[in-house]
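Before any comments, here is the structure.
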Amino acid sequence: MTDATQAATRDLQDMDRHFLHPWEDVTAIGAEARTVITHGEGIYVTDSDGNRMIDGPGGMWCVNAGYGREEIVEAVAAQMRDLPYFSPWSATASPAAILAERLASIAPGDLNNVFFTTGGSTAVDSALRFAFFYNNCLGRPEKKHIIARVGAYHGSTYLSASCSGKMLEKTNMDMVEDRVHLLPKPNPAERPDGMSVKAFCDEKVADLENKILELGPDKVAAFIAEPVLASGGVIIPPEGYFKRCHEICRKHDVLFIADEVVTAFGRLGHYFASKDVFGVEPDMITTAKGLTSGYLPMGALFISDRLIGNIKAVGNSAKGFFSGFTYSGHPVAAAAALANLDIFERDGLLGHVQKTAPYFEKRLRELADIAVVSEVRVKGLMAGVECCLDPDHPDEDRDTDFLLDVDQICQQNGLLLRPVYATAVMSPPLTITENQVDDLTAILRQGLEAASAR
Ligand SMILES: Cc1ncc(COP(=O)(O)O)c(C=O)c1O
């Protein structure tokens, strides 16, 4: 690396001190000299010093089709030349119309109504606002409580953050408290000694039903849940849990919102995991991230015909859903999404994930032989490797610091991780091959062993 390269990196890091990053400690703003990522190709990113690394988290669970997709670049450039923007209030732009139809055709069940948003948080916020709107239209304005879960992550708007259950991240942040209720985390690893996974599942499903009964079914609007709690550390609820929660919601006329911001668009080997993996047709599904593979910001909320039909059945008066964004159905983002879906089809990405996921799981599970690894959780192409230095003396701060060490070592050896407290979280681009899985797990092993030896 030349002096000039190093100096250029330092300049960028200095400029970056004005960028208040997500989750940044404002008392230390600008203190951290962040890695500057300048290039991406396939599953790899390169930093400003020329170091090439596997992108373990796939951006932020989003670069599903991988980096360097010329087709998306071309589609975006062509759309910008034709029409960069037009108001979704007064007209429609062709990519958005085509995308809406295409998404409706691949969405499960009767989820035929697509409400475009700017990302995942706004998709979740819109789903919750739609649930309130729905009950207002149906003449039951009291039915407004939302049930969510500890460990979940649903976004960073006021309402979506309030439904998130990463408790530490509520510190110093205001939350909607009067209508949001969090159930205990459905993590089978945290069940009491001697309790079977089946009994634990029964208990977690009962938690939901009991909460609905406690609040009163006529007061509860919706239950929102990720099929796999992603940012919570890849928590995989027990078999059957998601489906049984859906049944409880149907029984009590509570809307079931599947937050598939991470799991949709291939992460679990299907466009949507709700139906194909968990056997559920939700009332609403929220998506973002993999919709454009992160090439441009966009989210999409899917709303069922059943809900729209119930609103229509109330009477003949108009019922405006007074919600939307300047960039709803943004033509350039929609063009990126269409090109992204073309890649999924042409390259058979869903089939590739179905074929590669068992190997990914096998190689990751082998890491459990390292003393410090307390649990390996894998579903599709998402994984969490949790570490605990001393199970007899649990100390989350100590284990979080350990993971930061692992992260640093892995980065030096060519792998970017995402430490979530004591868990290394991974969701690589879906194009990852078995050889690349070998590289990823070998570097991670090295990192875990080297950090343990320190
Ligand atoms: C399950 C889930 N929902 C919602 C969001 C929020 O999405 P965004 O950051 O695009 O607003 C995220 C982000 O990680 C997520 O993982």
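Source: prediction; values computed, not measured. FYI, side chains are in, hydrogens and waters are out, and symmetry mates aren't considered; it's all heavy atoms of this structure. Counting starts at 1 for both ligands and their atoms, following the listed order.
A salt bridge links Glu24 to Arg34: at least one charged side-chain nitrogen sits closer than 4.0 Å to a carboxylate oxygen. Note on Lys211 versus Glu214: salt bridge recorded, some NZ/NE/NH1/NH2 to OD/OE distance being below 4.0 Å.
Residue contacts with ligand 1, taken as heavy atom pairs separated by less than 4.0 Å, involve His154 solely via the backbone atoms N, CA, C and O. When non-hydrogen atoms are compared, ligand 1 lies under 4.0 Å from the side chain of Lys289 (C-beta onward) but not from its backbone.
Looking only at heavy atoms of the protein, atom 10 (O) of ligand 1 is closest to Gly120 N, 2.8 Å. Nearest non-hydrogen protein atom to atom 16 (O) of ligand 1 is Val262 CG2, 3.3 Å.
Comparing Asp259, Thr122, Thr117 against atom 3 (N) of ligand 1, the shortest heavy-atom distance belongs to Asp259. Between Ser121, Gly119, Ala264, it is Ser121 that holds the heavy atom closest to atom 9 (O) of ligand 1.
Taking the ring centre of Tyr44 as origin, the terminal cationic atom of Arg52 falls inside the region bounded by 6.0 Å and 45° from the ring axis. Both cation-pi conditions hold for Arg179 and Phe132: the charged atom is under 6.0 angstrom from the six-membered ring centre and inside a 45 degree cone around its axis.
A pairwise comparison of heavy atoms in Ser160 and Thr157 identifies OG-OG1, 2.7 Å as the closest pair.
Every residue was checked against the salt bridge (charged side-chain N to carboxylate O under 4.0 Å, His left out) condition with Asp55, not counting sequence neighbours, and none meets it.
Taking every heavy atom of Gly155 and a limit of under 4.0 angstrom, the matching atoms of ligand 1 come to 6 (C). Against a heavy-atom cut-off of under 4.0 Å, Glu226 is close to the following atoms of ligand 1: 1 (C).
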